[in-house]
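Since the structure comes first, as structure tokens, the remarks are kept for the end.
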2 protein chains.
Amino acid sequence: MTLTVLLADDHAMLRSGLRAIFDTQPDLRCVAEVADGRAAVTEVARLRPDVAVLDIRMPKLDGLGATEMILADPANRTKVLLLTTYDTDEYVYRALSAGASGFLLKSLPPEELISAVRVAARGDALIDPSVTQRLIARFAVSLATPPTPPELALLTAREREVLLLVAAAHSNAEIAAQLHVGDETVKTHVSRVLAKLGLRDRVHAVAYAHVNGLVGTRQPGR
Amino acid sequence: MTLTVLLADDHAMLRSGLRAIFDTQPDLRCVAEVADGRAAVTEVARLRPDVAVLDIRMPKLDGLGATEMILADPANRTKVLLLTTYDTDEYVYRALSAGASGFLLKSLPPEELISAVRVAARGDALIDPSVTQRLIARFAVSLATPPTPPELALLTAREREVLLLVAAAHSNAEIAAQLHVGDETVKTHVSRVLAKLGLRDRVHAVAYAHVNGLVGTRQPGR
DNA sequence: CCGGAAATCCCCCGCGCGGGGGACCCGATT
DNA sequence: AATCGGGTCCCCCGCGCGGGGGATTTCCGG
């Protein structure tokens, strides 16, 4: 089965270079060449290539915007590979947020570019190694579970439970109802929590819980 | 310049397979083979290889733990590549948090493994394409700036300012002091904020601000 | 010039909250 | 048996808070 590819770059020279690279592969067919992002979007919608190789810098609509538009349309099954000369962090993050299947530098050896197209076509993703390293660093910090503060261990299970409900901005009465206990009980628990954690009031408790990732938008994978 | 490599895997067969692969490259020298994580840590500390290729599953100390120990020691300049049979999400995240330079599946073609070692040695990172795709997805959500709720536009600049201070768990009096205005003024602002955002009290405001990323642990890169 | 929006300040009132007590029950540990 | 920690419930008191009013200034745009 042959893979169809769309090329988008405002430099004709680079386009022909890429086309030449792809032409060496019998199973890759370059079905379109465009010079700007808007054309890329419309041509992708028309031709539905397997993979679109977009330059980041393009007139009218840059590669990032084009990626977003292409992937925003669920009718498209085209995978997007982004190509750039320099690897600016901002680009990478936006590209990945937009759902690009790859982020590659133009310095990439031809055979690896070809391999990247195949990888993208089968639904996997590929990032330039020099970028990956920084991506990891960034990812690690965003993953970095704020080290659970030790004073949290002072809390009993019940108290932690109450803390979470407080963090969700529930009033004592609401918490009482939810736990099927009296509101005086809840007050006791809250007081203990505040005392143990050294917090002034429930407002600080809410901030504390969020800052320490007890409630944040935690993904399932812990 | 030749690169030194340490191999760690509890299966002797796999080790010899890897060694055979590396031996085809004149510039790669496999300087040690170990069968468990603890041995990997001590041998890395002793031999200081350029790259350590660790299996995830190993006796005594798994590859993840070994990675953490190796990279925790600043005296080590060894890069770590992790090898695994199956790509469980948990592994990937822990591996990247620990600072591994690569996360590869054992199904990787030999030549790409070699290339991965070279990539790691020069300080870049490499992740198996099939894993990268999910990594991106996960990364995207962690990057995804919670779309600023539209009702936030209703607030005046001053009100947003006050909201941020409220979100930081400051009392009205504290906010007043910080803004050099009377506390009655702050009360007015807070009331307006609550009304405009449809929040019950400042506790909800704190939660709101955190959930919507107005205050969260945002990285510098936006 | 005049209207309105924004920012500032003021008063009163009711309520939720948090601290400081005390009390009871239960299960585990001593 | 005595003790202790945890969970539950209760009362009182003071205060910060939030809603409801109203008032002033400044500044901008019709």
Side-chain angles (χ1 to χ4, degrees), chain A residues 146 148-216, chain B residues 146 148-216:
Chain A
T148 303
E151 66 267 24
L152 209 87
L154 297 175
L155 301 185
T156 68
R158 196 57 155 175
E159 286 161 355
R160 270 188 290 271
E161 197 175 355
V162 170
L163 172 58
L164 290 186
L165 291 168
V166 170
H170 292 295
S171 70
N172 287 343
E174 288 167 347
I175 297 173
Q178 194 157 339
L179 296 183
H180 306 292
V181 297
D183 46 346
E184 291 294 338
T185 305
V186 175
K187 287 184 63 173
T188 307
H189 287 313
V190 172
S191 288
R192 288 209 202 296
V193 169
L194 297 180
K196 287 182 179 177
L197 299 184
L199 303 171
R200 206 193 306 165
D201 51 35
R202 67 198 302 106
V203 178
H204 281 86
V206 174
Y208 174 93
H210 278 89
V211 168
N212 292 95
L214 302 184
V215 54
Chain B
T148 303
E151 67 267 25
L152 208 83
L154 297 175
L155 301 184
T156 68
R158 197 55 155 175
E159 284 162 355
R160 270 189 289 273
E161 196 176 356
V162 171
L163 173 57
L164 289 185
L165 291 168
V166 169
H170 293 296
S171 70
N172 287 343
E174 289 166 348
I175 297 174
Q178 194 157 340
L179 297 184
H180 306 293
V181 297
D183 46 346
E184 290 296 335
T185 305
V186 175
K187 287 184 63 174
T188 306
H189 287 313
V190 171
S191 288
R192 288 208 203 297
V193 169
L194 296 180
K196 287 182 179 178
L197 299 184
L199 302 171
R200 207 195 305 166
D201 51 34
R202 68 199 300 106
V203 179
H204 282 86
V206 174
Y208 174 93
H210 278 89
V211 167
N212 292 94
L214 302 184
V215 53

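- Nearest nucleotide to the R202(A) side chain, out of dC11(C), dG18(D), dC17(C): dC17(C).
- Rounding to the nearest 0.5 Å places NZ of K187(B) at 11.0 Å from OG1 of T185(B).
- In terms of phosphate contacts, S191(A) brings no side-chain nitrogen or oxygen within less than 4.0 Å of OP1 or OP2 of dG18(C).
- Each of dC11(C), dT8(D), dT8(C) was ranked by its minimum atom distance to the side chain of H189(A); first place goes to dT8(D).
- If you measure from atom CG of L179(A) to atom C1' of dC9(D), you get 15 Å, rounded to the nearest angstrom.
- The phosphate of dG7(D) has OP1 or OP2 within less than 4.0 Å of a side-chain N or O from T156(A).
- Each of R192(A) and T188(B) was matched to the nucleotide of DNA chain C holding its nearest heavy atom; the match closer to the 5' end belongs to T188(B).
- Residue order along DNA chain C, read from the 5' end via each residue's closest nucleotide, puts E159(B) first among K187(B) and E159(B).
- Within the nucleic acid shown, N172(B) comes within 4.0 Å of sugar-phosphate atoms alone, with no base atom in reach, counting heavy atoms only.
- Residue T185(B) is classed as a base contact, given a heavy-atom separation below 4.0 Å to a base.
- Candidate nucleotides dT8(C), dG18(C), dG18(D) were compared by shortest atom distance to the side chain of L194(A), and dG18(C) ranks first.
- Between atom NZ of residue K196(A) and atom CG of residue L152(A) there is a gap of 10.5 Å, rounded to the nearest 0.5 Å.
- The nearest whole Å value for the distance from the CG atom in L197(A) to the P atom in dG18(C) is 13 Å.
- Side-chain atoms of H189(B) and V186(B), non-hydrogen and from C-beta on, never get closer than 4.5 Å to each other.
- For V181(A), whose side chain is taken as the heavy atoms from C-beta onward, the closest listed nucleotide among dT8(D), dG19(C), dC11(D) is dT8(D).
- When the nucleotides dT8(D), dC11(C), dC10(D) are ranked by their closest atom to the side chain of R158(A), dT8(D) comes out on top.
- For the atom pair L165(A) CG and Q178(A) CD, the distance stands at 5.0 Å (nearest 0.5 Å).
- We find that CD of E184(B) is positioned 17 Å from P of dT24(D), with the value rounded to whole Å.
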